[in-house]
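Just so we're clear, the structure is a prediction, and the values are computed from it rather than from any experiment. Here is the naming used below: chain letters follow the sequence lines, and residue numbers restart at 1 for every chain.
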2 protein chains.
Amino acid sequence: MSPARREQIGQRKTQQRDAIAAVIRQSDGPLTIVEIHLRARRRVAGRQLGIATVYRTVNLLLQREVIHSVILGDGQTRYESAGLDHHHHFRCRVCRTVYDLPGCMLDPPAGARLPAGFRVETHELTLYGTCPRCSRPPRRANR
Amino acid sequence: MSPARREQIGQRKTQQRDAIAAVIRQSDGPLTIVEIHLRARRRVAGRQLGIATVYRTVNLLLQREVIHSVILGDGQTRYESAGLDHHHHFRCRVCRTVYDLPGCMLDPPAGARLPAGFRVETHELTLYGTCPRCSRPPRRANR
DNA sequence: TTCATTGCAAAGTTTTTGCATCTTT
DNA sequence: AAAGATGCAAAAACTTTGCAATGAA
């Protein structure tokens with residue numbers, strides 16, 4: 001009888017995992033899988049980094065709540081450190097840049113004014129519009 | 001010379017399209033493609049409804065802004081009528097059901113308390129937690 | 001009768017998984 | 001040496017697209 005497969009994941013420290021975790025930790029905005037892959041790839045010396053490992057590691061970090069996923073409604077899941085202060089995001093409709101917005105703008109602190117029985121654990125708020133750079137119409141043609 | 005393919009979509013009224021549009025219009029929460037397919041299927045009499053038609057029709061309705069997509073990051077895009085009053089969503093962590101939450105809980109009515117220069121046009125808020133049904137622990141084993 | 005619409009199947013994407021190999025411990 | 005981790009390729013899940021057949025107008 002073959003012993004059941006009882007792999008314990010997340011037990012070992014590897015270059016790939018370190019690179020992926022560091023990339024997310026050091027980013028100044030949430031990153032997509034592809035972005036994480038591209039950046040982490042440059043950090044592993046003398047070996048490769050497959051996209052499958054990125055997916056596996058990101059899912060591991062999610063489970064451990066080292067990172068959170070960020071949904072911006074464009075169909076691309078992004079990931080950011082879980083250790084950041086509570087904040088929300090702003091995505092510019094024009095240049096697509098995502099900005100972190102410090103603080104929380106939820107009035108009833110995520111719970112009140114809800115139909116009875118709903119227990120809120122987390123929330124995600126994203127604002128969409130035009131960022132300072134894209135709002136300001138150029139006054140002159142060349143400048 | 002063969003004439004260019006110049007198909008004009010959305011020109012004809014069919015049972016399939018009517019069924020799909022009605023299902024979304026009458027729902028009390030955003031629906032996934034599969035949910036739309038299941039429900040619309042029951043409404044077409046004497047013919048079939050392929051999943052491809054659901055995708056095509058949903059994309060047509062999206063283009064015309066008859067419906068909007070709702071992305072909650074669980075890998076399932078959902079769709080809802082564009083005509084609804086402003087509202088937000090709650091997704092139950094346990095049963096995955098998505099509920100509509102009427103009204104808005106944003107304190108600074110979506111604009112104030114932002115760094116200067118950011119012009120907010122829309123926003124999206126999603127609450128995650130446990131719904132009434134899943135919060136209430138069963139008092140007895142059989143009931 | 002014309003040509004948009006449909007279903008099916010094939011092709012594209014994105015994410016997950018099986019497995020042999022490699023590497024950490 | 002043992003068992004977790006990786007890369008690759010295959011599989012799974014989700015969408016889109018080509019095409020012949022169907023059906024709305």
Candidate pair B:Arg96 and B:Asp74, rule salt bridge (Lys or Arg N to Asp or Glu O under 4.0 Å), full reasoning: CA-CA 9 Å; B:Arg96 318 247 126 172; B:Asp74 62 348; 5.6 Å; no

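When the nucleotides D:dG4, D:dA24, C:dG7 are ranked by their closest atom to the side chain of A:Arg12, D:dG4 comes out on top. For A:Gln16, the listed nucleotide lying nearest its side chain is D:dG7; candidates were D:dG18, D:dG7, D:dA25. If you check D:dG7, C:dC8, D:dA25 against the side chain of A:Arg56, the one that comes closest is D:dG7.
Taking atom CD1 on B:Ile71 and atom P on C:dT14, their separation rounds to 14 Å, with Å as the unit. For B:Lys13 and C:dC3, the NZ to P distance is 23 Å, given to the nearest whole Å. Counting to the nearest Å, the P atom of C:dT24 and the CG atom of A:Asp18 are 10 Å from each other. Between the CD atom of A:Gln8 and the C1' atom of C:dT24 there is a distance of 15 Å, rounded to whole Å. The distance from atom CD of B:Gln76 to atom P of D:dT15 is 7 Å, rounded to the nearest whole Å.
Between B:Phe90 and B:Tyr128, the ring center distance fails the sub-6.0 Å criterion. Aromatic pair A:His123/B:His89: centroids not less than 6.0 angstrom apart.
Of the residues in residues 31-54 of chain A, those with a non-hydrogen atom less than 4.0 angstrom from any atom of DNA chain C are A:Arg47, A:Ala52.
Between B:Asn59 and the phosphate of D:dT15, there is no side-chain N or O to OP1/OP2 separation shorter than 4.0 Å. Checking the phosphate oxygens (OP1, OP2) of C:dT6, a side-chain nitrogen or oxygen of B:Thr14 falls inside 4.0 Å. The phosphate of D:dT15 (OP1 or OP2) has a side-chain N or O of B:Tyr55 nearer than 4.0 angstrom.
Contact annotation for A:Arg17: backbone-only contact, meaning every heavy-atom pair under 4.0 Å involves sugar-phosphate atoms and none involves a base.
Toward the 5' end of DNA chain D, the nearer of the two residues A:Gln15 and B:Gly75, judged by each one's closest nucleotide, is A:Gln15.
Partner of A:Ile36 under the side-chain contact (heavy atoms from CB on, under 4.5 Å) criterion, chosen from A:Thr57, A:Val54, A:Ile67: A:Val54.
Counting heavy atoms from C-beta outward, A:Thr32 and A:Thr77 have side chains that stay 4.5 Å or more apart. At a threshold of 4.5 Å between non-hydrogen side-chain atoms, the residues B:His88 and B:Cys104 count as touching.
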